[in-house]
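Here the structure is laid out as structure tokens; the discussion comes afterwards.
Residue numbering restarts at 1 for every chain, and letters A, B, ... go by the order of the sequence lines.
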Amino acid sequence: MSNAETTRSARKAPKTWSQLSAAGVRRKPSEYEVVTHNLIYHMDKSPTPFELAASAPLNAWYLRYREGSTFRVDDWNGFRDPHRLTYHSYVSQQNQREIHLDAIVDRFEAGGDRPPLSADWVAVLERVYLTSRYSSHVLQMAAMYLAQLSPSSYVANCAEFQAGDEMRRIQRSAYRAKSLSLQFGEQLADTQATRRIWEDDEAWQPLRKVLEELLIAYDLGEAFAALNLVVKPLHDAFFINVLGVVAQAEDDEELALMLDDFRLDSDRNNDWSKALVAYAVSQRPENRDVLAGWVEKWRPQTEAAIEAASAMLADRWPADRGDMGELVAETYEALLSDCGLLPTQAV
Amino acid sequence: MPQLRRSDWYDIARDMNWNLRYVSHEQAFPPEIVGPMGDTEPATWWKWDEPYKLSYREYVYNQVDKDAGVAAVGAAIARSNLFDQLDEGWKGAIKAHFGAVTVSEGQSTLAESRMGRFGLAAAWRNMALYGALDEMRHVQIQLKVAHSLLEKDPQFDWAHKAYHTGNWAIIAAMSHNDELFLGSDVISTAIQLTFTFETGFTNLQFIGMAADAMELGDVEFGALISSIQTDEARHAQQGEPTLKLLLETGQKDLAQRLIDVSFWRAWHLFATLTGPSLDYWTPLEHRAMSFKEFMEEWIIRQFMDQLEDLGLEKPWYWDQFLDELDWYHHSEHAGIWYFRNTVWWNPDAGVSDSEREWLEAKYPGWTEKFGTLWDTIGESVRADKVDATFGKTLPILCNTCHLPVFKIPGTTSDCEPRQSVHEERTYTFCSEPCQWIFDQSPQRYVGTKTLIDRLTMGDIQPPTIEGILEYMGITPDIAGDDAAKYRWATERQPQLAAGAAA
């Protein structure tokens with residue numbers, strides 16, 4: 001081979017996917033981009049997303065709720081997860097975190113340093129923490145919906161991992177339910193009994209209503225905003241932050257430590273929500289009002305629902321921690337502020 | 001380690017079903033997305049029971065371990081020149097695989113996620129979540145390997161690009177995927193994707209190709225797809241409990257129809273992809289079994305046993321399927337080779353003297369049916385008329401499977417394409433089952449277009465060879481050619497070979 005040929009073939013060897021080069025990524029792409037870029041080829045595909053009749057139910061659904069959403073940008077593949085998670089990095093980091101949770105469980109099962117839990121605290125756990133399996137499962141379902149409707153694989157993967165995080169905390173709660181039941185009574189591990197609390201307890205009903213309605217928020221923009229900018233942040237502010245403070249005050253350090261760990265998942269999910277808002281608004285400023293509109297629709301009823309649920313912990317809240325509602329409000333307002341979605345931030 | 005076993009708490013974590021009160025069941029589980037529940041009460045589905053139990057904690061632990069295994073093999077390969085030593089025909093098989101399969105797995109992620117939302121039991125939704133994560137793994141580990149091969153060969157770009165094109169083979173794959181899972185309700189998806197496709201057919205590609213890969217020393221590809229198959233085997237188990245519930249709730253006819261539709265669609269796609277890979281593109285000395293033998297083991301024996309154990313029957317077109325088993329993929333292989341400049345890999349003709357002997361042994365009558373065709377092509381090559389061995393006129397494409405109707409006279413008694421008229425448009429089909437699929441549910445397919453329809457109806461502009469190649473995404477640097485540089489022809493009569501391979 002002549003030198004000229006060597007030079008030509010060296011120049012011709014592609015550095016990365018043609019799709020990634022065409023997207024204007026000039027630097028060497030990261031492994032995250034190589035395995036995540038532009039996999040949802042049917043977004044905006046003409047004439048229909050799927051090779052079926054235009055009126056086939058799934059074509060109609062995607063054209064209406066994904067392509068037809070008012071939450072849109074020209075290029076969804078410009079979005080990046082701030083944590084650049086790949087499947088491998090997600091399972092690796094969560095495996096380490098699960099080892100950490102096992103160590104917490106081991107420590108308390110060894111028994112040496114666990115103060116005895118009071119029966120009335122266990123009753124609170126049953127009503128609040130164990131029953132939150134149901135609310136978390138709805139969040140898992142809603143994240144799965146968002147994943148399969150996502151306009152880009154960069155967005156879909158974030159939603160998949162979020163759903164995985166919900167399953168993670170549900171299973172730890174199930175473990176605790178069984179563990180508590182061995183000492184405090186079988187009903188703690190009886191799903192019928194827990195389901196009755198979820199379905200009948202008055203303090204849960206406003207939140208259950210919000211969550212059931214969240215399931216039918218089918219528009220892409222509404223599904224994202226309702227789940228990630230309203231319901232989940234407020235839910236987690238209560239079931240992680242508030243419950244964590246109370247658990248600490250009740251000397252239930254096992255729960256407090258677990259919740260500290262789940263907060264890392266919740267914070268990471270807030271990070272991609274914030275990044276997606278920033279990206280969508282940077283690409284199309286009208287998206288700010290689109291999202292703010294959905295937040296405005298969902299916020300009042302969700303805040304009211306969390307306030308109703310707060311009644312379950314009101315008499316346990318340590319007086320020296322200020323106002324319980326303030327903690328939820330501050331946590332949530334900080335998220336909205338980071339997103340530029342507070343009413344006072346309207347431009 | 002925590003003292004409680006998984007079995008102590010698992011049921012608590014999956015019995016998360018409840019009665020909707022503030023929205024209706026139809027609102028939260030719309031029939032067009034959920035699929036045919038029949039007259040069953042929602043709570044009937046709560047007893048959905050996955051055969052394989054797994055906790056999140058076990059999942060991440062196992063998957064980290066599996067990824068480490070694949071990565072270790074990849075790292076070792078990267079330091080060697082193993083890829084360069086691989087047979088060109090085999091490289092064609094893995095490029096075809098990467099293009100047709102990789103991004104398709106990303107679509108399974110979406111279908112699994114849809115089951116993770118709309119599945120009718122929390123246990124089902126949880127299994128689907130693992131399935132969604134698994135499929136994300138499969139797209140990512142395959143993209144990573146294909147990307148690492150880009151510098152050696154630009155055809156690997158199609159591992160990522162293929163589904164962004166209107167290539168005929170990809171339209172066929174999309175149409176199959178959209179029918180079975182991406183454009184389907186979740187009950188149908190559980191049957192068609194996780195039962196027919198993953199419990200049945202993916203074994204062919206993943207176990208068949210892995211066996212050949214290990215045999216010929218492509219350890220990286222073998223390790224890659226074997227590792228994928230271990231995930232598939234787990235999440236494929238969503239099919240059986242769903243099928244059992246359909247049967248229990250009196251919907252056997254529906255279940256049978258879903259099997260009949262998806263089995264035929266999967267058969268044609270896999271025959272076109274896996275058939276030539278195993279019987280023509282894998283070097284002769286490394287073929288573990290013929291495609292037909294794999295079909296007999298994995299589909300006719302194992303999958304059909306499972307189907308019958310569940311109380312379902314063989315598809316109604318079983319005799320036609322058995323008939324096609326002897327000729328269909330040979331025809332598709334010849335068609336792919338003939339139109340090799342429309343694909344992103346170099347297909348191996350695979351018809352040297354020794355390969356013909358093998359084909360005749362595995363498929364008695366092969367020589368009579370296909371030998372003459374390849375004799376003629378070989379003569380053209382030796383007469384320095386390679387140009388004459390490229391397809392010039394466009395083949396008929398089937399309006400159901402979108403695959404070419406390459407029926408070579410003498411290979412089948414059923415040579416005439418079939419046609420149906422819906423809403424004043426005539427649709428053409430390669431076979432009775434493809435026609436049946438369309439005709440039994442025309443509202444699901446009317447208006448869809450094959451590549452040729454797109455050309456004749458003005459969707460492809462300009463309507464020239466260049467226009468079609470551009471629509472198909474084919475550029476000169478990746479357009480396929482004979483993998484063996486025609487040696488299979490020239491070496492039969494080397495005295496006539498001069499210039500033939502130019």
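Side-chain contact check for B:S113 versus A:Y145: every heavy-atom pair is 4.5 Å or farther apart. Contact check for B:P30 versus A:Y218: side-chain heavy atoms found under the 4.5 Å cut-off. B:Q142 places none of its side-chain heavy atoms less than 4.5 Å from the side chain of A:V35. The shortest distance between side-chain heavy atoms of A:Y87 and B:I141 does not fall below 4.5 Å. The shortest side-chain heavy-atom distance between B:M174 and A:K45 falls under the 4.5 Å cut-off. You'll find the side chain of A:Y175 stays beyond 4.5 Å of the side chain of B:I12, heavy atoms only. For the pair A:H88/B:Q140, no side-chain contact is recorded, criterion being any heavy-atom separation below 4.5 Å from C-beta on.
When atom types are taken as modelled, the side chain of A:E109 and the backbone of B:Q3 share a donor-acceptor pair closer than 3.5 angstrom. Using modelled atom types, no side-chain atom of A:E98 and backbone atom of B:Y61 make a donor-acceptor pair closer than 3.5 Å. A donor-acceptor pair is defined here as one N or O able to donate and one able to accept, closer than 3.5 Å; such a pair exists between the side chain of B:R117 and the backbone of A:L215. Between the side chain of B:Q107 and the backbone N or O of A:L39 there is at least one donor-acceptor pair closer than 3.5 Å.
At a 4.5 Å heavy-atom cutoff, the contact between A:Q205 and chain B is made by backbone and side-chain atoms alike. Of the two parts of B:S441, neither the backbone nor the side chain holds a non-hydrogen atom closer than 4.5 Å to a non-hydrogen atom of chain A. Proximity to chain B (any heavy atom under 4.5 Å) is shown, for A:R97, by neither the backbone nor the side chain. Neither the backbone nor the side chain of B:D459 has a heavy atom closer than 4.5 Å to any heavy atom of chain A. Looking at B:F118, only its side chain comes within 4.5 Å of chain A, counting heavy atoms on both sides. Contacts of B:T448 with chain A are made by side-chain atoms alone, with heavy-atom separations under 4.5 Å and no backbone atom involved. With a 4.5 angstrom heavy-atom cutoff, B:D185 touches chain A only via backbone atoms. A:H42 touches chain B through its side chain: at least one heavy atom from C-beta onward sits under 4.5 Å away, while N, CA, C and O do not. Neither the backbone nor the side chain of B:A71 comes within contact range of chain A; no heavy atom of the residue lies under 4.5 Å from a heavy atom of that chain. Proximity to chain A is limited to the side chain of B:V139, based on heavy atoms less than 4.5 angstrom apart. For B:R454, the part lying under 4.5 angstrom from a heavy atom of chain A is the side chain only.
Annotation for B:N19 and A:R208: closest pair O-NH2, 2.6 Å, computed over non-hydrogen atoms. The two residues A:D106 and B:M1 have their closest heavy-atom pair at OD1-C, 2.9 Å. A pairwise comparison of heavy atoms in A:T16 and B:H147 identifies OG1-NE2, 2.8 Å as the closest pair. Listed here is the closest heavy atom pair of A:A53 and B:Y445: CB-N, 3.8 Å. Listed here is the closest heavy atom pair of B:R114 and A:L58: CZ-CD1, 3.5 Å.
Of the listed residues (A:F50, A:F161, A:Y41), the one with the most heavy-atom contacts under 4.5 Å to chain B is A:Y41. Among A:T48, A:I99, A:L149, the residue with the largest count of heavy-atom pairs under 4.5 Å with chain B is A:I99. Between chain B and the residues A:H37, A:R168, A:Q94, the most heavy-atom pairs under 4.5 angstrom are made by A:R168. The choice from B:R6, B:R444, B:H402, B:M115 that makes the most heavy-atom pairs within less than 4.5 Å of chain A is B:R444. When B:N177, B:N17, B:T109, B:D11 are compared by the number of non-hydrogen pairs under 4.5 Å with chain A, B:N17 comes out ahead.
Taking a cutoff of 4.0 Å between a charged side-chain nitrogen and a carboxylate oxygen, A:E31 and B:K144 qualify as a salt bridge.
Contacts of A:S18 classified as side chain to side chain contact (heavy atoms under 4.5 Å, CB included), with partners at least two apart in sequence or in another chain: B:D157, B:K161. Looking at residues two or more places apart in sequence or on another chain, you find a side chain to side chain contact (heavy atoms under 4.5 Å, CB included) between B:S24 and B:E26, B:Q27.
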